Each structure stands twice: as C-alpha cells, then as structure tokens.
Amino acid sequence: MASADSWDPPASSRDWQYVVLHHSATDEGDVASIDAADRKRRDQFGAAWPGIGYHFVIGNGQGMTDGRVEPTFRWQQQLHGAHANSQAHNRTGIGICVVGDCDASPPTPRQVAAAKRLLEWLSVRYGISPDHVVRHADIAATRCPGRKFPFEELREALPAPVGASSGRSHEELF
Ligand SMILES: [Zn+2]
C-alpha cells in the first residue's frame with residue numbers, strides 16, 4: 001500500500017482541474033503492459049505516444065498487486081495526459097486507470113478502497129471538487145469505465161468542497 005506522501009510528484013504540479021476515471025477493459029494488466037500498448041498509438045499529428053496515457057494505474061491482482069496504486073511517468077513528470085479524447089481534459093485532467101473489465105465485473109474491494117484513498121488525496125491536494133471527478137464516458141463517446149464501475153460510491157466518499165455544508169446535523173455526529 002503506497003503512503004499518500006509517495007504520491008507527491010517530484011516535479012512542480014500542473015494546474016489540475018479534473019480527475020477522469022477509466023478501466024483498462026482488459027482482464028489483467030500493469031503499467032508496463034499498458035505502456036507497451038500505448039506506445040503503438042499515434043496522436044492527431046501522427047507522432048507515436050511517448051508512453052502510457054494515464055497518470056495512475058490501480059492493479060487488480062492480475063499482473064499487478066490487487067489495490068496497488070502506481071503513478072506513471074506522466075505523473076512523476078507532471079505531463080499532460082493522453083486518456084480523455086478531450087484536449088481540455090487531457091491538459092488539466094488526472095487520468096486514473098483501474099485495471100479490469102468493469103463492463104463485465106466491478107473492481108475488487110481493494111481497488112475500490114485504493115481509488116477512494118487516491119481520489120481523496122488528489123481532491124484535497126489540488127482542490128478538485130466532486131463535480132470535477134468524472135468518468136471517461138461523461139466527456140467522450142465511450143462506455144469507459146464500464147457499467148459495473150462504482151462511480152457513485154467513489155464520488156460519495158469524496159470530502160465535501162471547502163465551505164460546503166456536510167448536510168449533517170450536530171446530533172448525527174455522535
Ligand atoms: Zn477511458
């Protein structure tokens with residue numbers, strides 16, 4: 001389990017505005033396998049991608065430890081992403097890939113727990129509000145991250161934006 005501190009990038013941070021959630025749409029995978037696949041892709045100018053398009057990958061126990069969060073070179077170097085089919089979201093959106101085919105089955109409990117920790121850390125660190133945490137399908141014509149991806153559960157686990165009411169009475173806190 002990565003400690004939150006290890007997610008701090010060595011490069012100075014970009015001005016992140018969004019988090020975009022993806023699945024790998026494969027049964028197994030890790031940073032290296034996704035990196036190898038993405039290097040075969042070409043951008044709109046015909047240039048080969050420099051590597052994996054996501055900023056973080058969360059393993060499912062098939063090719064990568066279940067629930068392990070691995071930052072990619074795009075996060076370490078604070079580079080734009082190549083994951084969103086949207087220039088704005090590639091420039092300002094942090095791409096997270098959950099390994100697995102979430103159209104067929106939901107992510108593992110450890111993946112869900114890891115995604116919650118990562119989303120919480122990112123939203124606090126960069127001031128990203130819950131409505132800026134989106135699915136790939138919310139911004140592009142795709143089914144990614146799949147029908148069984150627990151989006152509402154993840155979003156409900158996010159801390160409320162600063163200044164927003166929690167909606168709870170004091171009594172409920174006891
Ligand atoms: Zn996607």
Side-chain angles (χ1 to χ4, degrees), residues 7 14 16-45 47-64 66-123 126 128-158:
W7 294 332
R14 289 172 76 88
W16 299 115
Q17 308 280 330
Y18 291 90
V19 173
V20 184
L21 298 165
H22 304 265
H23 70 153
S24 67
T26 57
D27 292 337
E28 57 178 49
D30 61 5
V31 171
S33 68
I34 299 169
D35 187 69
D38 282 353
R39 281 176 189 279
K40 293 175 185 154
R41 302 174 71 168
R42 307 233 156 225
D43 67 18
Q44 69 265 46
F45 308 111
W49 287 20
I52 185 168
Y54 307 112
H55 296 97
F56 291 95
V57 175
I58 303 178
N60 70 345
Q62 319 255 9
M64 191 176 151
D66 189 11
R68 177 174 162 76
V69 176
E70 200 167 319
T72 72
F73 81 102
R74 288 194 193 257
W75 183 252
Q76 303 295 1
Q77 298 175 29
Q78 291 290 288
L79 302 174
H80 68 85
H83 55 82
N85 307 84
S86 148
Q87 213 170 43
H89 290 92
N90 275 336
R91 268 204 295 262
T92 63
I94 300 162
I96 300 175
C97 179
V98 172
V99 174
D101 182 352
C102 301
D103 235 359
S105 50
T108 71
R110 286 184 180 184
Q111 284 181 300
V112 173
K116 285 179 182 173
R117 281 198 310 274
L118 179 58
L119 285 172
E120 180 178 9
W121 186 81
L122 290 172
S123 65
Y126 297 104
I128 297 169
S129 60
D131 62 330
H132 278 207
V133 175
V134 299
R135 291 167 290 204
H136 192 186
D138 294 324
I139 55 167
T142 171
R143 285 166 65 173
C144 179
R147 286 173 297 142
K148 297 191 176 169
F149 190 87
F151 180 58
E152 293 307 325
E153 180 186 345
L154 292 181
R155 196 146 73 161
E156 280 165 14
L158 285 171

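Read the numbers this way: they start at 1 and go in the same order the structure lists the ligands and their atoms. Computed from a predicted model, the values in this text were never measured in an experiment. When a residue number appears, it is its place in the shown sequence, counting from 1.
- Put simply, the side chain of Tyr54 reaches to within 4.5 Å of the side chain of Ile34, judged on heavy atoms.
- The 12-atom threshold is not exceeded at CG of Asp27, counting heavy atoms of other residues, nucleotides or ligands nearer than 6.0 Å.
- Counting heavy atoms from C-beta outward, His80 and Arg74 have side chains that approach closer than 4.5 Å.
- Listed by chain and number, His22 ND1, His136 ND1, Cys144 SG are the protein N/O/S atoms closer than 2.8 Å to the Zn ion (ligand 1), with waters left out.
- Between His83 and His55, the angle of the ring planes goes over 60°, which puts this pair in the perpendicular group of the 30/60° scheme.
- Between the side chain of Asp38 and the main chain of Gly53, a donor-acceptor pair closer than 3.5 Å is present.
- Between Leu154 and Phe149 there is a side-chain heavy-atom pair separated by less than 4.5 Å.
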